Amino acid sequence: MSTYTTATRTGFEMPALAYPAGALAPVISQATVECHYGKHLKTYIDNLNRLVTGTEYEDYTLREIVEQAPPGPLFNNAGQVLNHSLYFEQFTPTPPGNNRPTGNLKDFIHFDFGNFDNLKKKMEDAASALFGSGWVWLVQEENGKLSIINWHNGDTPMHRRMTPLYGIDVWEHAYYLDYQNRRAEHVKKLWEIVDWEVVESRLDI
Ligand code: MN
């Protein structure tokens, strides 16, 4: 979990992007990555650093802030930094053909959802059902079971002591330049670029 940005004397820093901004096109365009990563995430980081300074949370890790801060601007910005760090890490510009989960993750998905197509359908339905801005996550609950949740705004699985596995950002800034109002089409296209090795590495087995 190297991208769980940690506090330093210089504050929270941008997580590294492991691919060029244009490498996920056409599923996610260069313009969207530049705006989403370079502007939206940067703003969340800047806000987090401003809001945490001089508070009891100043030396906390990002995860500790998300778990312990009360509802409000500090929690919102910390949650969004955590969500986006996981988001940008989970895609690959070089997916294999017929990109799908393998190994332990495949076994977990088959146990809890029957098969991969059922998982995809449930996540797509959850994305369409979420009114307004938010996130859809494939998570692992404390008892080990996989489930799908959809939450508004900047809430995050770490806040509920769930392990985030794969997250879909359904704020319009994540897709509007490329898909306009077609959220469902965007969510379906994302399956092509999921890095299932990264997702599997998040699994607690
Ligand atoms: Mn976003």
Side-chain angles (χ1 to χ4, degrees), residues 1-5 12-52 62-63 65-66 69 71-93 123-124 126-139 148-160 162-195 198-199 202:
M1 301 235 174
S2 58
T3 60
Y4 283 27
T5 314
F12 293 96
E13 296 172 358
M14 286 284 280
L17 201 57
Y19 41 81
L24 302 179
V27 177
I28 304 176
S29 71
Q30 179 168 341
T32 291
V33 172
E34 286 176 348
C35 186
H36 196 185
Y37 173 83
K39 295 182 180 176
H40 287 274
L41 176 53
K42 178 70 164 56
T43 299
Y44 293 132
I45 297 254
D46 290 346
N47 287 343
L48 173 61
N49 283 323
R50 178 173 50 80
L51 290 163
V52 80
L62 182 59
R63 181 170 174 166
I65 294 173
V66 167
L74 177 61
F75 171 80
N76 289 341
N77 283 279
Q80 284 292 68
V81 170
L82 184 53
N83 286 339
H84 286 83
S85 298
L86 293 161
Y87 177 83
F88 287 108
E89 182 193 51
Q90 71 191 0
F91 297 121
T92 173
M123 286 198 81
E124 290 165 6
S128 293
L130 186 65
F131 188 80
S133 296
W135 289 81
V136 178
W137 283 98
L138 172 65
V139 298
I148 293 164
I149 51 92
N150 55 356
W151 284 322
H152 283 110
N153 302 326
D155 207 346
T156 176
M158 306 301 282
H159 181 49
R160 317 292 180 94
M162 294 174 171
T163 302
L165 300 179
Y166 170 59
I168 303 173
D169 185 345
V170 295
W171 288 56
E172 285 186 344
H173 66 228
Y175 61 88
Y176 208 84
L177 289 176
D178 304 331
Y179 299 83
Q180 290 80 49
N181 62 323
R182 303 188 307 279
R183 179 192 286 185
E185 181 183 332
H186 167 68
V187 170
K188 278 183 189 289
K189 290 291 284 183
L190 289 177
W191 298 118
E192 296 177 13
I193 57 168
V194 177
D195 189 331
V198 169
V199 176
R202 297 170 177 170

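Model, not experiment: these values are computed from the prediction. One-based numbering, in listed order, for ligands and for the atoms of each.
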query = Do you know which N/O/S atom name in D169 is closest to the Mn ion (ligand 1)?
reply = OD2
query = Is there a donor-acceptor pair under 3.5 Å between the side chain of S29 and the backbone N or O of A25?
reply = no
ask   = Under 2.8 Å from the Mn ion (ligand 1), is there an N/O/S atom belonging to H40?
value = no
Parallel, tilted or perpendicular: ring planes of Y87 versus H36, cut at 30 and 60 degrees = tilted
message = As a test of understanding, state which of H186, R183, Q180 forms a side chain to side chain donor-acceptor pair (under 3.5 Å) with Y175.
response = R183
key: Angular separation of NE2 (H36) and NE2 (H84) seen from the Mn ion (ligand 1), to 10°   = 90°
inquiry  = Between K189 and E192 (salt bridge meaning N to carboxylate O under 4.0 Å), is one present in this structure?
reply    = yes
